[in-house]
Amino acid sequence: MQRSFAEICLFLLLLSHSIYSIKMTSSSDEVKSEKRMRAAQYEAGDPENITIGSVPFPEVQSEHLLIKVYATAVNRADLLQRKGLYPPPQGESDILGLEAAGVVEKLGESCGEKWKEGDRVMVLLGGGGYAEFVTVHENHAMLIPDEMDFVHAAAIPEVWLTAYQLLHTVGAVKAGETILIHAGGSGVGTAAVQLAKLAGATVIITAGTAEKIQKAIDLGASHAINYKEGGFDEKVLQATSGKGVDLILDCIGASFWQQNIKALAIEGRWILYGLMGGPTVEGDLLAQLLKKRVRLEGTTLRSRTTQYKALLVQQFVDNVLPHFITGKLKPVVDTVLPFGKVVEAHKMMEENRNSGKIVIVVKPDVVQCNYKTDEL
């Protein structure tokens, strides 16, 4: 039967509407089925700007592992990123968190035979640790020793690898040398004290409270100086019989530069890895460096290449990790907080209330959160 032009147009209109409805339903189903997870989100500014929200699951790239996060930890870099001063490197997650401990949930298609699902791992991250799941390159993960829990494992990757890099990869520490470590009560500081002692060096630290001073001494520092009670340079010279130190690990920067120069030995090494005391120097710094033939080198870890981090992780696994099993080395945990108290964790670090690591428990059903401090 011959149809009118109007009937044909109506048929085509109904057909197109049906196709559109099918597409919309399919799209809606895809949105509903999208896997999501809890993660810390923030707007640049104060700690109160951090909230726990729902975000999409990370995509697992070919040589990466998907990690179910049990615990993570706070670092100074997290505070800077939250303030909008330290964006993540290109390609990294914009979620806060540079380290985590958990279990392998899934392997990327090109991963080797090194890992399997269910392995307990601690991982070095470029970002993404404050979340229920995170992806990491397979060569940036380390097996957690059977004797270690997730809380202490979460306190290791970023600060211990940073300290190892400062002392060995960059600083080239030697047995018999004397090292000055600023912020000796911090996460990096408490790790560096132990690693320096392990390398056969004599350690001098600076810190701002009696508690942090005592912590550093308990960990093996030979001398501990409260920088709030006068200049540290003269005290360092006294402790070294006028020679000065061979190596300085400096996360302070501008406010300490003149005392650092005075405290350094001839041909000393000065490794700068932070700017807590400011970035701008006024004075004859270059002349003083030249006069003492000092080597000043700046370094970071987060922006290093995948290959650099993989080599650093392997060296750490080979040379350092066994000492956690024997008890010669110990991650220092100051405070353990649940995931919902990320704001409090950031406030604690900004106010310098911690001596050692602040760990955040993401899965309280797996990780017991029943203690505040880690007794030495």
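Numbers for residues simply follow the sequence, beginning at 1.
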Could you go through the side chain to side chain contact (heavy atoms under 4.5 Å, CB included) check for Thr335 and Met348 one step at a time?
-> CA-CA 9 Å; Thr335 303; Met348 284 189 65; 3.4 Å; yes
Take Asn319 and Gln315 through the side-chain hydrogen bond (donor to acceptor under 3.5 Å, both in side chains) test and state the conclusion after the steps.
-> CA-CA 6 Å; Asn319 301 322; Gln315 291 173 341; 5.9 Å; no
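Note on residues 169-182: pairs passing side-chain hydrogen bond (donor to acceptor under 3.5 Å, both in side chains), not counting sequence neighbours, are Glu177-Arg269, His182-Thr206, His182-Asn260.
Ion pairing of Asp119 with Lys116 is present here, as a side-chain N (NZ or NE/NH1/NH2) and a carboxylate O approach within less than 4.0 Å. The residues Glu48 and Lys347 are annotated as salt-bridged, a charged nitrogen and a carboxylate oxygen being separated by less than 4.0 angstrom. Taking 4.0 Å as the cut-off between side-chain N and carboxylate O, Glu59 and Lys35 do not count as a salt-bridged pair. Salt bridge Lys83/Glu350: present, at least one basic N to carboxylate O contact under 4.0 Å.
Looking only at atom types and distance, the side chain of Glu132 has no donor-acceptor partner in the side chain of Tyr70 under 3.5 Å away. Asp78 and Tyr86 share no donor-acceptor pair across their side chains, judged by distance under 3.5 Å alone. Using a 3.5 Å distance cut-off with no hydrogens or angles, the side chains of Arg304 and Thr299 do pair a donor with an acceptor. A donor atom on one side chain and an acceptor atom on the other are found under 3.5 Å apart for Gln81 and Tyr42.
With values rounded to the nearest 0.5 angstrom, Tyr130 atom OH is found 9.0 Å from Arg82 atom CZ. With values rounded to the nearest 0.5 angstrom, Ile144 atom CD1 is found 5.0 Å from Arg120 atom CZ. The structure places CG of Leu143 at 5.0 Å from CH2 of Trp115, a figure rounded to the nearest 0.5 Å. Here Met276 contributes atom CE and Ser186 contributes atom OG; the two are 7.5 Å apart, rounded to the nearest 0.5 Å. Trp270 contributes atom CH2, which lies 13.5 Å from atom CD of Glu297 (distance to the nearest 0.5 angstrom). A distance of 11.5 Å separates CD of Gln194 from CG of Leu167, quoted to the nearest 0.5 Å.
Between Val362 and Ala131 the shortest heavy-atom distance is CG1-O, 3.8 Å. Contact detail for Ser222 and Lys197: the closest heavy-atom pair is OG-NZ, 4.5 Å. Closest heavy-atom contact between Ile325 and Pro145: CG1-CB, 3.8 Å.
Using cut-offs of 30° and 60° for the angle between ring planes, the Phe316 and Phe324 rings count as tilted.
Geometric assessment of Arg36 against the ring of Phe57 yields a negative cation-pi assignment under the 6.0 Å and 45° thresholds.
Remark: side-chain polar atoms of His140 are paired, donor with acceptor, to backbone N or O of Thr306 under 3.5 angstrom.
Of the candidates Lys243, Arg295, Arg293, Glu267 forms a salt bridge (charged side-chain N to carboxylate O under 4.0 Å, His left out) with just one, namely Arg293.
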Report, one line per pair, each donor and acceptor closer than 3.5 Å where one atom sits in a side chain of residues 97-108; sequence neighbours left out.
from	atom 1	to	atom 2	distance (Å)
Glu99	OE1	Glu158	N	2.7
Glu99	OE2	Asn75	ND2	2.9
Glu99	OE2	Lys357	NZ	2.6

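Atom CD of Glu282 sits in a sparse spot, with 12 or fewer heavy atoms from other residues, nucleotides or ligands closer than 6.0 Å. When the shell of 6.0 Å around NZ of Lys292 is examined, it contains more than 12 heavy atoms from other residues, nucleotides or ligands.
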